[in-house]
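For reference, the structure is listed below as structure tokens.
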Amino acid sequence: MVSSSIYLKLCFTFFFFWIHYGPASAQLSSTFYSSSCPKALSTIKSAVNSAVSKERRMGASLLRLHFHDCFVNGCDGSVLLDDTANFTGEKTAGPNNNSLRGFDVVDSIKSNLESICPGVVSCADILAVAARDSVVALGGSTWTVPLGRRDSTTASLSAANSNIPSPFLSLSGLISAFSSKGFTTKEMVALSGSHTIGMAKCSVYRTRIYNETNINPAYATSLKSNCPSSGGDNTLSPLDATTSTVFDSAYYSNLINNKGLLHSDQQLYSGGSGSTDSQVRAYRNNPTTFFTDFGNAMIKMGNLSPLTGTNGQIRTNCRKVNSG
Ligand code: HEM
Ligand SMILES: *[C@@H]1O[C@H](CO)[C@@H](O)[C@H](O)[C@H]1NC(C)=O
Ligand SMILES: *[C@@H]1O[C@H](CO)[C@@H](O)[C@H](O)[C@H]1NC(C)=O
Ligand SMILES: *[C@@H]1O[C@H](CO)[C@@H](O)[C@H](O)[C@H]1NC(C)=O
């Protein structure tokens with residue numbers, strides 16, 4: 001009798017610890033907000049749809065924010081923190097400064113969520129859901145977003161400068177940049193398909209259009225009027241010259257035609273002889289395969305070192321750490 005009641009207590013104790021500190025709390029779940037904030041997903045979706053209907057490029061900008069969040073010490077909302085007199089965030093890092101956008105849209109989503117369920121939905125989760133909703137709003141296929149990330153109280157300018165891949169990388173540089181985050185080459189090629197939407201600045205594609213030979217000559221010429229050999233650094237051109245506001249597989253057709261805008265883009269296709277060329281052709285020929293692989297790779301990206309359980313916090317304002 002005595003021993004069985006001790007046994008029961010041990011069971012309860014173990015169960016309590018398992019619930020609170022076991023693997024269940026470290027794992028994201030797509031139903032994380034279903035009782036704590038049942039309208040979270042519909043609130044984010046309607047804000048994204050309205051932002052995208054005002055400006056289609058915003059879908060691209062929101063997708064990129066999630067990438068730049070996750071590649072820098074995990075998907076923890078660190079990219080959203082503003083610099084202050086005594087805090088250095090990631091916004092002025094080379095890949096981010098004068099380039100990341102969509103912060104106002106995230107603020108407005110956050111304030112809508114704070115008014116329906118205060119202190120519940122993290123900024124990191126907002127980015128993950130907004131990225132998915134953006135792709136869908138621009139014509140891509142959906143995926144289910146695992147949820148339950150929490151927000152960081154720190155940011156890392158130096159990690160932002162070193163972990164986000166440069167557009168001047170070679171194929172082997174791209175492969176190792178993604179491999180260091182746990183991605184296969186195949187997943188890297190799928191994630192790069194993000195560049196089927198959005199814009200880039202002259203400063204990141206200038207060398208490609210003036211100095212590279214693996215570029216369609218008419219395409220290079222057409223870009224030069226918008227991007228002089230010096231000056232005009234911030235002039236934008238579409239990453240996908242054909243359908244930059246539609247999430248489709250045109251990015252891969254462009255590569256086959258030597259019309260990748262960034263040096264790094266064109267690295268994925270080298271006239272049939274490159275190690276990733278067959279995958280580029282497969283995605284061009286079969287957009288459905290691209291969509292499926294893209295969604296799975298996005299889920300994997302969203303799983304990069306999330307803060308869960310009692311780690312981190314749920315920021316009230318995505319731009320700053322909660323005070324007190
Ligand atoms: C493969 C390595 C990658 C490199 C080298 C790279 C680099 C870049 C660069 C240089 C730009 C233009 C920024 C500017 O000129 O302001 C850009 C834009 C963009 N990137 Fe990437 N990127 C990569 C992967 C990704 C991934 C994995 C995603 C998303 C999952 C992504 C999403 C985007 C989007 C959507 C834009 C357009 C943003 C806008 O119009 O606001 N990129 N990227
Ligand atoms: C940091 O600066 C802000 C003003 O920008 C101030 O309110 C806050 O108390 C400071 N925090 C610390 C830890 O010094
Ligand atoms: C960021 O861009 C601004 C111009 O908007 C520039 O003044 C500043 O020096 C840049 N910061 C860094 C760290 O490059
Ligand atoms: C092209 O290459 C030449 C020779 O290396 C260099 O001097 C020039 O600055 C480059 N131009 C651009 C736009 O990158």
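These numbers come from the heavy atoms of this one structure, side chains and all, not from hydrogens, waters or symmetry mates. As the structure is a computational prediction, the values presented were derived from the model and not from experiment. When a ligand or atom number is given, it counts from 1 through the structure's own listing order.
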What I want to find out is whether [X] reaches [Y] closely enough, with some N-O distance under 4.0 Å, to be called a salt bridge.
X: Lys259; Y: Asp265; value: no
X: Lys320; Y: Asp151; value: no
X: Asp83; Y: Lys91; value: no

Do Thr92 and ligand 3 have an N or O pair less than 3.5 Å apart? no
Side-chain donor-acceptor contact under 3.5 Å, [X] with [Y]:
X: Asn257; Y: Tyr219; answer: no
X: Asn112; Y: Thr43; answer: no
X: Asn214; Y: Arg208; answer: yes

Determine yes or no for a side-chain-to-main-chain donor-acceptor pair under 3.5 angstrom, with Ser61 supplying the side chain and Arg101 the backbone. no
Can you list every pair where an N/O of ligand 1 is under 3.5 Å from an N/O on the protein?
residue  : atom   : partner : partner atom : Å
ligand 1 : 15 (O) : Lys201  : N            : 2.7
ligand 1 : 16 (O) : Ser99   : OG           : 2.5
ligand 1 : 20 (N) : His195  : NE2          : 2.9
ligand 1 : 22 (N) : His195  : NE2          : 2.9
ligand 1 : 40 (O) : Arg57   : NE           : 2.7
ligand 1 : 40 (O) : Arg57   : NH2          : 3.4
ligand 1 : 40 (O) : Met199  : N            : 2.9
ligand 1 : 41 (O) : Arg57   : NE           : 3.3
ligand 1 : 41 (O) : Arg57   : NH2          : 3.2
ligand 1 : 41 (O) : Ser61   : OG           : 2.7
ligand 1 : 42 (N) : His195  : NE2          : 2.9
ligand 1 : 43 (N) : His195  : NE2          : 2.9

Which protein residues have a heavy atom closer than 4.0 Å to any atom of ligand 4, listed by chain and number? Arg206, Thr207, Tyr210, Asn211
Which ligand 3 atoms, with their elements, are less than 4.0 angstrom from a heavy-atom of Asn98? 1 (C), 2 (O), 3 (C), 4 (C), 5 (O)
Do Phe247 and Phe290 have ring centroids that are under 6.0 Å from one another? yes
Heavy-atom check, side chain of Thr153 versus side chain of Gln313, under 4.5 Å: yes
Just checking Lys186: does its NZ atom have more than 12 heavy atoms from other residues, nucleotides or ligands closer to it than 6.0 angstrom? no
